[in-house]
There are 4 protein chains.
Amino acid sequence: MSLNTFGHLFRFTSWGESHGPALGATVDGCPPGLPLTEADIQPWLDKRRPGLNKNTTQRQEADAVRILSGTYEGVTTGTPIQLMIDNTDQRSKDYGDIVRTFRPGHADITYHQKYGVRDPRGGGRSSARETAARVAAGGVARAVLATLAPQVRIKGYMVQMGAKQIDRSRFDWDAIDGNDFWCPDPAVAAEWEDYLDHLRRKDHNSVGAMIEVVARGVPPGLGAPIYGKLDSDLASAMMSINAVKGVEIGAGMAAAALTGRDNADEISMGPDGPEFGSNHAGGILGGISTGQDIVVRFAVKPTSSILSPRASITVDGQPTEVVTKGRHDPCVGIRAVPVGEAMLALVLADHLLLDRGQTGGVRGRIGGG
Amino acid sequence: MSLNTFGHLFRFTSWGESHGPALGATVDGCPPGLPLTEADIQPWLDKRRPGLNKNTTQRQEADAVRILSGTYEGVTTGTPIQLMIDNTDQRSKDYGDIVRTFRPGHADITYHQKYGVRDPRGGGRSSARETAARVAAGGVARAVLATLAPQVRIKGYMVQMGAKQIDRSRFDWDAIDGNDFWCPDPAVAAEWEDYLDHLRRKDHNSVGAMIEVVARGVPPGLGAPIYGKLDSDLASAMMSINAVKGVEIGAGMAAAALTGRDNADEISMGPDGPEFGSNHAGGILGGISTGQDIVVRFAVKPTSSILSPRASITVDGQPTEVVTKGRHDPCVGIRAVPVGEAMLALVLADHLLLDRGQTGGVRGRIGGG
Amino acid sequence: MSLNTFGHLFRFTSWGESHGPALGATVDGCPPGLPLTEADIQPWLDKRRPGLNKNTTQRQEADAVRILSGTYEGVTTGTPIQLMIDNTDQRSKDYGDIVRTFRPGHADITYHQKYGVRDPRGGGRSSARETAARVAAGGVARAVLATLAPQVRIKGYMVQMGAKQIDRSRFDWDAIDGNDFWCPDPAVAAEWEDYLDHLRRKDHNSVGAMIEVVARGVPPGLGAPIYGKLDSDLASAMMSINAVKGVEIGAGMAAAALTGRDNADEISMGPDGPEFGSNHAGGILGGISTGQDIVVRFAVKPTSSILSPRASITVDGQPTEVVTKGRHDPCVGIRAVPVGEAMLALVLADHLLLDRGQTGGVRGRIGGG
Amino acid sequence: MSLNTFGHLFRFTSWGESHGPALGATVDGCPPGLPLTEADIQPWLDKRRPGLNKNTTQRQEADAVRILSGTYEGVTTGTPIQLMIDNTDQRSKDYGDIVRTFRPGHADITYHQKYGVRDPRGGGRSSARETAARVAAGGVARAVLATLAPQVRIKGYMVQMGAKQIDRSRFDWDAIDGNDFWCPDPAVAAEWEDYLDHLRRKDHNSVGAMIEVVARGVPPGLGAPIYGKLDSDLASAMMSINAVKGVEIGAGMAAAALTGRDNADEISMGPDGPEFGSNHAGGILGGISTGQDIVVRFAVKPTSSILSPRASITVDGQPTEVVTKGRHDPCVGIRAVPVGEAMLALVLADHLLLDRGQTGGVRGRIGGG
């Protein structure tokens, strides 16, 4: 977890800029013997791909991933897996005028101040395009889970856009894949559609969103206290996604308002082991998974690139106004859904291996038999 | 940031259990030549110390830190600094009955399931007592900042207890150290006092809290994109604190409800460099510090150890009721304030060195001169 | 330094198999603002390239490196640098018969036992072809040194082939690049030529070698005691090269035979700082550079792939005889010279940044002024 | 493997100076459920302890280790194990005069140049006393091996002192513990005794040594290519020991003189799996264990602290002569034997867990059944 590498034992190093020839991820520490081809990874990239509908950027990228190493005859060999995605729709001419201007809300100014030099084309390394590398790496993580913990199910969805939240009483798993927003509440999805249309076409504005990602079937015992806690790594993972400003587990920020009596997830004995009367913990106690659903939410700020003018300065320190033309998502939160899923898969795969390494899957028994 | 080590270049490994003979932290990577004695560290531990007032646990611990290595004649030598704190008030007899019972909301059950064995005395390794080691290590981090970035100021305070938030219009820096809650709003502090008194004495309950930690004077350019982003490391740092369920930067979770126009922190040129019209970013863009205040908030859940009975099970899978007697904080959020400060100091000191290592403090110029 | 990543702060992750589509290295932590194009890296790869003369494998690989990320307009940006080399002369049909046989001295059997699956084409990941990725990464390390420590000079050469050593009294720096063996003693180089010709054509055999790599002009103070000592990292670096069986610094293994009086490198004061009467230490004391020449030697075992039959077994446990046809180096030590240089450059660049990060280049003064 | 931490998954951080109040090691990543008390560790420390016989320094240190954390009722809990050893015989007055002088062959000058400040008492952090921490950590590693790979046997011994080597034809395992030198050849041990007596009493000199450490019963499949190769980590481990100048595996440096035909370890099928006709490989192919004996040798330079005067300089750059009085080992190689054993145990325990984490102990089958 240093600079451009994420993970302990199962880890990946991401590389590439928005408008360079390619970008990718080197996945290291993958178990050998797992079935893995491009076909296992491409569907997740397709889900994140820009240009899929009118609510996301109209940049057209095939985002076709190639596995350059680490597999033989469709099976992982335990050696590094290089995942490469060519950049095909670069149009760098669009970005010529921003070389000397700092866009408010963007990393332009901080990259300049830290490095003294930056690749201005499409945001360079700070572009959300980097998340394609994560999603590709997440595809490998899913292959690990499919073999080592096949009961695990991961699902992400949007629970809030702007001020408008979903109605939890209408929550429908099957609706999630049925709209452009990965929204489990079809009624609110229709409202979002209208709202976003207005923002983009009339208001020249953008809006934030809240994403929830859930993992079911996670075995108890994952997480490495104290500084490799499962929730600590999830917080790091989600906060590293572009535009994310907050991360919460289970009851999350709302836990501040609870009393101990309300917050306690009471325990009983079920047929297959311990059961919990509620899940304020979000599936994690003391940094270790309980076996309950892992529930993570994160807030995505509104796209900073908007057609409305904002005050800023140039490299020379002169005042200017910035209007960001080009092909931008009015709500980047939409495409953050598959990215959040990928990060959750990556953290879980890593901790499965880490736990197996340290404990060998030791599990203290509960109950008789 | 693996198991019990936190940090990249300036890092510490924490060790020890609640009721063992001692606990501590090994700080590695500290620059040489810094003035450092126990007197530089003890005040921060005193601030976190239990038993200071009736709102925190009545366990009495001197929490006297000793520096066992890494300094010579009061100056750091660049070698590992061992910080040790003896456990003096252990009373392990208090905890004898919880060996075979899982307290709801505690890590008892997950440690059991992960490790098959656990030290039940006072929560063992999962005890909030571990945070003393962080606060001690944070004292070293502050010594680093005092020399390398002496303009940095770090301050934590409580902004919410239960449902009751501070009134930002009454925010008073000077009030923070003047009440038992590190509360910048004296009026609400008085209300909290009554509320907590009621919870502890009448209601046998506990309550959550929200903490805000701010760093002023942080130079621009700190943070290592993509997976060592400053906000990503802060999220990991805060989420690793016991009982924390959510972390946010700047506008945080509220960013989901904002539009791009509102969220943009407009930039202008001031006498000393860029200035920003607002700070929704919380001082971080693209994972790198902007020079604005770094603003981090985190939610602390209510203490799970309460006198009210909660349903649970035993190791044998039998149903039971748990009433946690003993000396517990009704609002652990209070003592989380100095812990949050320490983690912020640790992340900043680490990134100062990491940035110096990679860039040598390269700073792209803005403006003429 | 875990699995396929080498280095602390300046580090690279190598990926790729001998007969996959490509291999490469992802260099992370590079300082921004350094001039870097393919032309800075290609010459070092050309030096390692197979097929250059009759003494190395006749496999033909252009080994043309491409920089896919991390630079903009010929300057490093501080983001990950992806170096990719296409595999063009793969001829995987040559290797069909070795899928089920373990070649003595090769990693065939251990990869099989560890991973249960392996890419048999050309040795897969265990092929010496992986060293091309190191040499490419070493080119970036040289660019770092060229800017941060321009006085550093790195040079490798062969000092022994089989039983025949160079005569140190004939040592000639200028001769090193003038023969096929990077040999500083032209007289012995001529003998080696005849000997190798005989081995390859008549004896169907191969032979080991000893390589020495020297760095001049290294500033004092590099190295991170105790487990990131400069010599410890150099030992790890050189031992990780294929076929290397031993590494020594300065007097090396011969130090076992010395007395303390003979071994002491006496110190005097020169015009530019301390000077040493000898260099048994190889430029490193206590894991930290002294400013003297860094001197590392490593032994390369003879190529295991030979035309002479050797007894072995198949995957089924049946006895067999192995005769390795194909295009193999009779003395892999020759091509190990640029690889050793690259690893030395990588270790030095990493420690320059690591030292700058921790100490800021603190240097205790010696002498007046 | 950064600064003061060694290891990947099972790792330890060493801390402490020669003349501070204590030193120790924090062992992290230990599996839970292993029996471990001080009695499991103390015997190894006793073996390394100074003052045991007239051939080692007469400094008297009890070297009593205390376990301060990580165990409960004599069993490891999976949390960090703090091992502390008090320094009891410090006599720092002995060292007052060396504060401003650089002893030839010592780290005095490099610590001064790197850090600008150093603890001069007994060499501070660069003292061989740090190896006590490794030996203690090695005791934990042995406890891991005792449970997870109980067939593993580790043994170190001296094979050369000065110019005098053992006669391999007289090699006697049972003799190793029967003399002061851990020498498997009793005849040569008697000669060494006389020689060392002469060096110490008459010649005021010291001498180097060669140590060999062997591990039997190591399962095949340990080692993480490419940069966590088993031999690469062993090289790093041994080279990090004070005074070590060279490390070799199997045939080692002598491999340079071998031909491919001679060097090939031919393979046959035995009753329990593959067998090898020789062990030039030292039990490691491609960085992975073969199941043969792991054989590592390392050279220890002669003690630099001798009573014979050597030329040097002071901090002021003035010439001086250094005669190192005090209590020093005439042959530090003797006490390096248990240190080498400890490092071998540490590397093996780490790789057992690392391999279990990544592969789950996958082992490709050889032969039928």
Side-chain angles (χ1 to χ4, degrees), chain A residues 1-4 6 8 104-105 107 110 112-114 116 126 160 163 205-208 210 220-221 224 226-229 231-232 235-236 239-240 245-246 248-249 252-253 255-261 263-264 266-267 269 285-286 288 299 301-303 306 308 310-313 317 362 364 367, chain B residues 1-4 6 8 104-105 107 110 112-114 116 126 160 163 205-208 210 220-221 224 226-229 231-232 235-236 239-240 245-246 248-249 252-253 255-261 263-264 266-267 269 285-286 288 299 301-302 306 308 310-313 317 362 364 366-367:
Chain A
M1 300 205 187
S2 176
L3 288 85
N4 294 280
F6 185 87
H8 304 269
T110 51
H112 175 76
Q113 287 189 111
K114 183 180 186 75
S126 72
Q160 180 182 343
N205 208 343
S206 62
V207 72
M210 187 88 75
I226 304 290
Y227 299 108
K229 282 178 173 174
D231 38 0
S232 184
S236 170
M239 195 66 97
S240 75
K245 298 305 290 181
E248 56 182 24
I249 308 287
M253 305 308 277
L258 292 174
T259 68
R261 217 153 40 220
N263 184 63
E266 293 186 304
I267 314 175
M269 195 64 190
L285 284 173
I288 304 173
K301 72 177 183 182
T303 316
I306 49 177
S308 299
R310 296 284 90 187
S312 186
I313 57 173
V362 166
Chain B
M1 301 204 187
S2 176
L3 287 86
N4 295 281
F6 185 87
H8 303 270
T110 51
H112 175 76
Q113 288 189 108
K114 183 181 187 74
S126 71
Q160 180 181 344
N205 209 342
S206 61
V207 73
M210 185 87 74
I226 303 291
Y227 299 109
K229 281 179 173 173
D231 38 1
S232 183
S236 169
M239 195 67 96
S240 75
K245 298 305 289 182
E248 57 182 23
I249 308 287
M253 305 309 276
L258 293 175
T259 69
R261 226 165 22 232
N263 184 62
E266 293 187 304
I267 313 175
M269 194 64 191
L285 284 174
I288 304 172
K301 71 178 184 182
I306 50 177
S308 299
R310 297 283 90 187
S312 186
I313 57 173
V362 165
I366 297 177

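Interface summary for chain B: among A:G116, A:S206, A:S308, A:P104, the most heavy-atom pairs under 4.5 angstrom belong to A:S206. Between chain A and the residues B:A311, B:A255, B:G221, B:P220, the largest count of heavy-atom pairs under 4.5 Å involves B:A311. Between chain B and the residues A:T303, A:N263, A:T259, the most heavy-atom pairs under 4.5 angstrom are made by A:T259. Ranked by heavy-atom pairs shorter than 4.5 Å toward chain A, the options B:A264, B:A163, B:G286, B:A235 are led by B:A235. The greatest number of non-hydrogen atom pairs below 4.5 Å with chain A, out of B:K301, B:Q160, B:R261, is found for B:R261. Taking chain A as the reference chain and counting heavy-atom pairs below 4.5 Å, the highest number among B:G317, B:G208, B:A256 is found for B:A256. Annotation: maximal heavy-atom pairing with chain B below 4.5 Å, among A:M253, A:K229, A:M210, occurs at A:M253.
For the pair A:Q113 and B:I366, the minimum side-chain heavy-atom distance is below 4.5 Å.
To the nearest 0.5 Å, the span separating CZ on B:R310 from CD1 on A:I267 amounts to 12.0 Å. In this structure, CE on A:M239 lies 6.0 Å from CG on B:D231, to the nearest 0.5 angstrom. Here the NZ-CG distance, from A:K245 to B:L258, works out to 11.0 Å after rounding to the nearest 0.5 Å.
Both the backbone and the side chain of A:I313 come within contact range of chain B, judged by heavy atoms closer than 4.5 Å.
Nearest approach of A:G105 to B:L285, heavy atoms of both residues: O-CD2, 3.5 Å. Of all the heavy atoms in B:N4 and A:I226, the pair that sits closest is OD1-N, 3.1 Å.
For B:S240, the side-chain contact (heavy atoms from CB on, under 4.5 Å) partners two or more places apart in sequence, or in a different chain, are A:Y227, A:S232, B:R134, B:M343. The side-chain contact (heavy atoms from CB on, under 4.5 Å) test applied to B:S126 returns B:A107, B:Y111, not counting sequence neighbours.
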